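Have a look at the structure below before the remarks.
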Amino acid sequence: MFGLSEVAIILVVVILVLAAKKLPDLARSAGKSARILKAEAAATKDEPAGTDGQTAPRVIPGETVGPRHDTPLPDTAQPSAAPHPPQPDSGQPRPQD
């Protein structure tokens, strides 16, 4: 009867005949997927990592960063009733009272 290589060749020919219209779309899709995967792998490789394996925090000029709320206060520190520091001006007019 037929061997494994003959059956494989017959299957390839049948697939080519029946799916000839879809092959260019499949090849294009596979190429796009490969390019995206390659770009993502390169981006992951180039990202700077922090000391604990996480990415470094991003600093954006003009943005105020307050204290973290998940860190406990030292025993000697007493919460103050001082008002919050003024926020930077956003460039928009203030509402009139």
Side-chain angles (χ1 to χ4, degrees):
M1 196 101 218
F2 293 113
L4 184 59
S5 61
E6 288 89 5
V7 171
I9 291 172
I10 292 171
L11 284 175
V12 168
V13 170
V14 169
I15 289 173
L16 286 174
V17 169
L18 295 178
K21 291 182 181 179
K22 296 288 184 181
L23 285 178
D25 293 335
L26 290 173
R28 192 175 302 116
S29 176
K32 285 182 182 178
S33 298
R35 272 193 303 268
I36 291 171
L37 181 63
K38 185 178 177 182
E40 291 294 326
T44 303
K45 185 178 174 183
D46 293 340
E47 281 184 5
T51 56
D52 56 355
Q54 295 179 351
T55 58
R58 215 174 55 167
V59 178
I60 301 172
E63 189 172 313
T64 305
V65 179
R68 294 178 57 183
H69 297 290
D70 60 346
T71 56
L73 294 173
D75 293 332
T76 58
Q78 297 292 326
S80 65
H84 295 289
Q87 296 295 321
D89 191 5
S90 65
Q92 297 180 357
R94 296 182 183 201
Q96 299 292 328
D97 288 289

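Sequential numbering from 1 along the given sequence is applied to the chain's residues. If you're wondering where the values come from, they're calculated on a predicted model, not measured in any experiment.
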Quick check: does any side chain N or O of Glu40 sit under 3.5 Å from a backbone N or O of Leu37, one acting as donor and the other as acceptor?
no
Shared ILVMFWY cluster between Leu4 and Val12, side chains joined below 4.5 angstrom?
no
Can you run down the salt bridge (charged side-chain N to carboxylate O under 4.0 Å, His left out) pairs that involve residues 10-25, sequence neighbours left out, and say none if there aren't any?
Asp25-Arg28
Leu11 and its side-chain contact (heavy atoms from CB on, under 4.5 Å) partner, picked from Val7, Val13, Ile9:
Val7
